[in-house]
Amino acid sequence: MRKYKNDILLIIGCILLASIALILYFTLQKKENLKVAVYFEKELVEYLDLHQDTEILINSVVVKIQNQEVQVISSDCKDQICVHQGRIHYAGQTITCLPQRVFIKIEGSEVDVGI
């Protein structure tokens, strides 16, 4: 019985340590040099700063940058998946509207996380 108790305590300790590391990783990330790349039919049409609030229209897709987040406000596509994807704000995250052939990606580096 004592052996199982020690195993359980070890597992709980590992889970707590991993949780703390993930929380620190996401809270200490610096959002520097992040840009929003907007592609239409595989061609880069807009390259915007994530820190500058703006709204653009690409092939009937309205893309909004606000509070260092990007989202698709509206689109003429039937299923509205791009609109329901919500906001993105980390490097590497994407939003895609296949019917309108629009692809949005956050590019840049997030450095010095402190872990």
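- For the side chain to side chain donor-acceptor pair (under 3.5 Å) with R87, the lone residue among Q71, Q68, Q93 that qualifies is Q71.
- Linking Ile, Leu, Val, Met, Phe, Trp and Tyr whenever their side-chain heavy atoms come within less than 4.5 Å puts L48 and V72 in one cluster.
- Two residues are said to be in side-chain contact when any heavy atoms from C-beta on lie closer than 4.5 Å; L10 and N6 fail this criterion.
- Between S75 and Q100 the shortest heavy-atom distance is OG-CG, 3.6 Å.
- Y90 has its side chain out of reach of I106: every pair of non-hydrogen atoms, C-beta onward, lies at least 4.5 Å apart.
- Using a distance-only test at 3.5 Å, with no hydrogens or angles considered, a donor-acceptor pair links the side chain of Q85 to the main chain of T96.
- The side-chain heavy atoms of Q52 and I65, taken from C-beta on, include no pair separated by under 4.5 Å.
- More than 12 heavy-atom neighbours from other residues, nucleotides or ligands sit within 6.0 angstrom of CZ on R101.
- Annotation: side chain of I88 is not in contact with side chain of T94 (no heavy-atom distance under 4.5 Å).
- K42 contributes atom NZ, which lies 15.0 Å from atom CG of L44 (distance to the nearest 0.5 angstrom).
- With values rounded to the nearest 0.5 angstrom, E41 atom CD is found 11.5 Å from I58 atom CD1.
- In this structure, CG on N59 lies 4.0 Å from CZ on F40, to the nearest 0.5 angstrom.
- Screening residues 71-81 for salt bridge (charged side-chain N to carboxylate O under 4.0 Å, His left out), with sequence neighbours left out, gives no hits.
- Side-chain contact between E69 and H89 is present, with heavy atoms from C-beta onward closer than 4.5 Å.
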task: Would you sort out whether K35 and E107 count as a salt bridge (charged side-chain N to carboxylate O under 4.0 Å, His left out), showing the intermediate values?
output: CA-CA 5 Å; K35 302 287 184 186; E107 298 176 343; over 6 Å; no
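- A continuous path of hydrophobic side-chain contacts links L57 to I73 [ILVMFWY only; heavy atoms under 4.5 Å].
- To the nearest 0.5 Å, atom SG of residue C97 and atom CD of residue Q80 are 8.0 Å apart.
- Atom CD of E55 and atom NZ of K64 lie 6.0 Å apart (nearest 0.5 Å).
- In this structure, V83 is a member of the same hydrophobic cluster as I56, with clusters built from ILVMFWY side-chain heavy atoms closer than 4.5 Å.
- Atoms CG and CG, on L50 and N67 in that order, are 10.0 Å from each other to the nearest 0.5 Å.
- For the residue pair A91 and G108, the shortest heavy atom distance occurs at CB-O, 3.6 Å.
- V45 and I95 fall within the same hydrophobic cluster, where Ile, Leu, Val, Met, Phe, Trp and Tyr residues are linked whenever their side-chain heavy atoms come under 4.5 Å apart, directly or through other members.
- Follow the hydrophobic side-chain contacts under 4.5 Å out from F103 and you never reach V38; the two are in separate clusters.
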